[in-house]
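Note that the structure is a prediction, hence the values are computed from the model and not measured. A note on names: the letters A, B, ... follow the listed sequences, proteins ahead of strands, and every chain is numbered from 1.
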Protein chains: 2
Amino acid sequence: MKHDLRVVKTQESLRHALLELLKQKPLESITVAELCRLAKINRGTFYSHYKDVHEVFRRYLEVIVEDFRKAYEEPYRKTGFKIENIKSGMIQIFHHVKKYQDFYQIVFDKRIPLMYYYLLFDTVRSFMKESLAQSLLDSTYSAQTEYLLSYQTNAILGLLLEWHRQEYNTPATELNEHLITILSLNSPFRG
Amino acid sequence: MKHDLRVVKTQESLRHALLELLKQKPLESITVAELCRLAKINRGTFYSHYKDVHEVFRRYLEVIVEDFRKAYEEPYRKTGFKIENIKSGMIQIFHHVKKYQDFYQIVFDKRIPLMYYYLLFDTVRSFMKESLAQSLLDSTYSAQTEYLLSYQTNAILGLLLEWHRQEYNTPATELNEHLITILSLNSPFRG
DNA sequence: AAATATAATGAACATGTGTACAATAAAATT
DNA sequence: AATTTTATTGTACACATGTTCATTATATTT
């Protein structure tokens with residue numbers, strides 16, 4: 001009774017229908033009704049699984065964001081958490097975003113709720129926090145640190161935001177260089 | 001025929017009704033129908049002025065964001081655009097946000113479209129860009145600069161985001177100090 | 001295979017959305 | 001003050017939302 005086949009079938013149908021509709025129209029204009037029509041799922045059934053169309057998208061996005069986390073982690077792994085030794089070629093996040101450009105275009109769309117942005121934000125921030133905890137003494141950790149973390153996290157997301165505005169035309173490799181340059185100017189965690 | 005009194009009356013009624021409803025419930029749950037009922041405005045009339053409830057809020061918020069811009073400008077004015085001489089007491093943005101906390105709580109709510117965030121972002125970024133243009137040679141300006149601007153702009157907004165998560169409990173004066181400390185670590189525009 | 005559990009369906013209901021249009025009311029213009 | 005202009009109203013319509021509940025279908029368990 002763990003994975004009822006009927007439930008699996010229903011959710012797969014809905015997810016598949018959503019991806020199909022996203023090829024045709026923006027997420028914000030997709031209604032529960034048409035999603036159910038296409039998926040051949042009763043609307044009442046939909047509501048027993050999801051609150052709204054966003055929830056279908058969010059569950060799918062969570063898988064992608066997990067991949068984002070891994071991409072973000074990469075330079076930390078490569079440098080053995082000596083992040084000051086980072087090299088441009090180690091950066092994977094921009095390649096990741098480019099790979100899932102269709103999704104990030106939705107995430108950064110002005111009509112879309114902040115919720116997805118926060119999903120990214122939390123992912124980056126929690127990883128940054130962990131890696132900072134390793135390299136910092138407990139005594140130096142303060143309320144200041146929380147703000148510094150959010151400052152730095154959001155700065156990184158600012159690059160993605162700008163990329164989005166440039167319609168993802170800048171090559172990922174160029175963004176890698178930009179990030180390295182910025183990081184060499186801004187080194188908040190040094191000393 | 002510039003300012004038809006009927007139009008003014010209608011828009012004032014709707015704005016007043018919105019502020020009234022916001023005392024009771026989140027923006028996302030306010031419907032056009034109930035807004036019109038409270039404002040005693042025909043629903044058809046509503047649609048001849050606004051696309052949706054968000055548009056009523058957005059127009060109101062634009063006034064507040066203009067005040068935000070002035071608050072952001074303050075240290076630049078006080079230092080005569082020698083921003084490296086900034087002192088904690090010159091910073092006004094956090095006082096501004098605290099003053100309009102009720103609105104910023106909405107802007108940063110996870111259910112709210114990114115559009116309002118972009119309103120803030122664009123305000124900060126365009127000002128930063130102007131003030132940077134003054135202190136920079138034309139030749140040093142490049143695509144890199146666009147990314148650096150978005151990086152720095154979003155970093156500042158990261159502080160507001162963290163403040164929101166801390167439910168605005170941190171005193172504004174403490175945030176001033178945090179910002180000064182961070183800026184003294186991060187000085188991307190020096191030299 | 002039969003019994004049991006439960007997910008999915010279909011129908012209904014009150015309310016909201018977005019649009020259209022003729023009738024009315026209230027402005028601005030003369 | 002009379003005329004013209006136009007904003008607002010009332011009504012209607014097709015469709016969407018979110019919920020409820022009895023019925024049916026299809027899993028899982030025995």
Position toward the 5' end of DNA chain C (nearest nucleotide), B:A33 or B:L5: B:A33

For B:H3 and D:dT6, what is the distance between atoms NE2 and P respectively, to the nearest whole Å? 16 Å

May I ask you to say whether A:E20 pairs ionically with A:R15, meaning some side-chain N is under 4.0 Å from a carboxylate O? no

Can you tell me the distance, in whole Å, between the CG atom of A:D4 and the C1' atom of D:dA27? 5 Å

Between atom CG in A:N42 and atom C1' in D:dT17, what is the gap in whole Å? 14 Å

Using 4.0 Å as the upper bound for N to carboxylate O, is an ion pair formed by B:K129 and B:E146? yes

Any side-chain N or O of B:T45 below 4.0 angstrom from OP1/OP2 of D:dA7? no

Are A:K78 and A:E74 ion-paired here, with the side-chain N under 4.0 Å from a carboxylate O? yes

Whole Å only: how far is the CZ atom of A:F46 from the P atom of D:dA16? 14 Å

Check the distance between C:dA7's P and A:Q11's CD and give it to me in whole angstrom. 11 Å

Sorted by number, residues from residues 48-57 of chain A placing a heavy atom under 4.0 Å from DNA chain D are none

Taking 4.0 angstrom as the limit, do B:K110 and B:E28 come out as a salt bridge? no

Would you tell me if any nitrogen or oxygen in the side chain of A:Y47 comes within less than 4.0 Å of OP1 or OP2 on D:dG18? yes

When Watson-Crick pairs (N1 to N3 and N6-O4 or O6-N4) and G-U wobble pairs (N1-O2 and O6-N3) count only below 3.5 Å on both distances, what is the dot-bracket string of DNA chain C, with | for other-strand pairs? ||||||||||||||||||||||||||||||

NA contact type, A:K9, heavy-atom cut-off 4.0 Å: base, sugar-phosphate, or nothing? nothing

Between the side chains of B:H164 and B:Q105, does any donor sit under 3.5 Å from an acceptor? no

If I take atom CZ in residue A:R43 and atom P in nucleotide C:dG10, what distance separates them, rounded to the nearest angstrom? 13 Å

What I want to check is whether the side chains of B:Y147 and A:T181 have a donor and an acceptor closer together than 3.5 Å. no

Cationic N near anionic O, under 4.0 Å, A:E66 to A:R69: yes

Tell me the interatomic distance from A:R6, atom CZ, to D:dT26, atom C1', rounded to whole angstroms. 5 Å

Using only side-chain N and O atoms of B:R37, determine if any of them is under 4.0 Å from OP1 or OP2 of C:dG16. yes

Whole angstroms only, please: what is the CD-P distance between A:E12 and C:dA8? 12 Å

OP1, OP2 of D:dA7 versus side-chain N and O of B:T10: anything below 4.0 Å? no

Donor-acceptor pair between A:Y116 and A:D109 side chains, under 3.5 angstrom: no

Counting the benzene-type ring for Trp, do A:H178 and A:F94 have ring centres under 6.0 Å apart? no

